[in-house]
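What follows is one structure encoded as structure tokens, with my remarks underneath.
Each chain gets a letter, A, B and so on, in the order the sequences are listed, and its residues count up from 1. Predicted model only: the values in this text are computed from it and were never measured.
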There are 2 protein chains.
Amino acid sequence: MRLMMLEDQSLIMGALASLLALEPDIEVVCQCSSLAKAKAAWPQQVDLILADIELGDGTALDFAQWLQQQGVVVPMVLLSTFARPGYLARAKALNLGGYLLKDMPAEQLAQQLRLVLSGQQCFARPLQSLMQPNNPLSERERQVLILAEQGKSTQQIALSIHRSPGWVRNCLSSAIQKMQANNRIEAALRARDAGFL
Amino acid sequence: MRLMMLEDQSLIMGALASLLALEPDIEVVCQCSSLAKAKAAWPQQVDLILADIELGDGTALDFAQWLQQQGVVVPMVLLSTFARPGYLARAKALNLGGYLLKDMPAEQLAQQLRLVLSGQQCFARPLQSLMQPNNPLSERERQVLILAEQGKSTQQIALSIHRSPGWVRNCLSSAIQKMQANNRIEAALRARDAGFL
DNA sequence: TGGCACTAGTGAGCATTGTCACTCTTGGTA
DNA sequence: TACCAAGAGTGACAATGCTCACTAGTGCCA
């Protein structure tokens, strides 16, 4: 199995590669530390992609979406420290191969990758319970919360997305209520915690 | 070198162990996934401890302190995703062997461990800039910014730290100016980026 | 054609936030 | 003792943020 790895922490990437190198049927052919490098490295002759979700310049989910837009069909297994419903929902929507958590036993990783390569889907057990709750935020609210999270004012957000300040106000107000928060910052934090951003 | 590992994410622990197993002079003799297990596993015949700082039930710094109270003298190397001045200060105070970041090159890990075993101290380069007291924020401003970052209101912050809302307002205003920001969120972001929080 | 749902935007009113000038206390210290 | 500096707190004011009720435009469809 030719494997591509995507992970922004070099030490972890190296360690995982060394773990997988123990398997006779797995060959790590490409290691990328960022979304940009992964895109630049394409096209690749790989059978499977193992990717940490959170990269410095984006997420592995963005990369999966980009690949699908390019018409590329390669199974991808996500890896993350966190079980976030938002990530899970996007992974499901993109029909990815799996979503594993970093607290899984190391011995099982290779076997899970083989299962995905054979066509099965592998989702970590703690994620099973998160299957239902989906993102209550609209795409607009998501965008606006991300900008608010960066400390931008209503004015600045309005300019950024070419909307009136009033619209931004209402949009934020709605997001705050949906996240049951008291202000935009708390709303953004809760949304990010839940993986909705 | 007999090595003890402390890391709460099994996959990462297994991967790191597999990476270090490639070194002929390193033998991983003990793997613990929590502070409680590490304490229970003691006494150990080990030459060096490699520990992730943040464990589920405490920190590796707590373990180092506990060991010193037991009169145990074993060098410890901390590992973390984050370069936090608070951790660094405690690591220095406890005179630990090193503090490495997970974005370091995997090939260098073993060599760094050997250096620490030989008596040297190894602190990741990004931590060097946190060494000097160039932090413009007072300890109060730091505390208040951390609470503001969590979306807390002036009122809530005042209650948390037992100060008047007016004082919190002034303190935040001062922090905002020092960080050359436009509001508390931007100030907190800049401060965190600079490693001041 | 009228009704309906959805999206964009406005305005009023109130709360919170940020700035600034000020007072009061406390602990040195000349 | 008198003075000074630092820290804590207040009050006033403007800017910004949040909520809510509202209008207007658009597309759908029976």
Look at the side chain of A:Ser173 and decide which nucleotide, out of D:dT19, D:dC18, C:dT19, has an atom nearest to it.
D:dT19
How many whole angstroms separate atom CG of B:Asn182 from atom P of D:dT16?
9 Å
Would you call the rings of A:Tyr87 and A:Tyr99 parallel, tilted or perpendicular if under 30° counts as parallel and over 60° as perpendicular?
tilted
Please state whether the phosphate of D:dT16, meaning OP1 or OP2, lies under 4.0 angstrom from any side-chain nitrogen or oxygen of A:Ser153.
no
Surrounding CD of A:Gln111 (heavy atoms of other residues, nucleotides or ligands, distance under 6.0 Å), is the total greater than 12?
yes
Could you tell me how far apart A:Ile185 (CD1) and D:dG17 (P) are, to the nearest whole angstrom?
10 Å
Could you check whether atom CD of A:Gln45 has more than 12 heavy atoms from other residues, nucleotides or ligands sitting under 6.0 Å from it?
no
Of the options C:dG18, C:dA8, D:dC20, whose atoms approach the side-chain atoms of A:Arg140 most closely?
C:dA8
Count the heavy atoms of every other residue, nucleotide or ligand shown that sit under 6.0 Å from CD of A:Gln150, and state whether that count exceeds 12.
yes
If you go through the side-chain atoms of A:Asn170, does one of them form a donor-acceptor pair with the base of D:dC18 closer than 3.5 Å?
no
Atom-pair distance (NZ on A:Lys152; C1' on D:dA15), nearest Å:
19 Å
Euclidean distance, atom CD1 of residue A:Ile176 to atom P of C:dA15 [Å, nearest integer]
16 Å
From CD of B:Gln143 over to C1' of D:dG7, roughly how many Å is that when rounded to an integer?
15 Å
Please state how far atom CZ in B:Arg184 lies from atom P in C:dT19, giving the value in whole angstrom units.
10 Å
Spell out, yes or no, whether B:Met13 and B:Met1 are grouped together once hydrophobic residues are joined by side-chain heavy atoms under 4.5 Å, including indirect joins.
yes
Determine whether B:Gln44 and B:Arg2 satisfy the following criterion, side chain to side chain donor-acceptor pair (under 3.5 Å), listing intermediate values before the conclusion.
CA-CA 10 Å; B:Gln44 281 284 333; B:Arg2 288 164 303 181; over 6 Å; no
A:Leu172 CG to C:dG9 P, straight-line distance once rounded to whole Å:
14 Å
Would you jot down, in residue-number order, the residues of residues 156-169 of chain A having a non-hydrogen atom under 4.0 Å from DNA chain D?
A:Arg169
Could you tell me the separation between the CG atom of B:Leu145 and the C1' atom of C:dG18, rounded to a whole number of Å?
14 Å
Does a side-chain N-to-carboxylate-O contact under 4.0 Å join B:Lys37 and B:Asp8?
no
A:Gln177, nearest nucleotide to its side chain (from D:dT19, D:dC18, C:dA8)
D:dT19
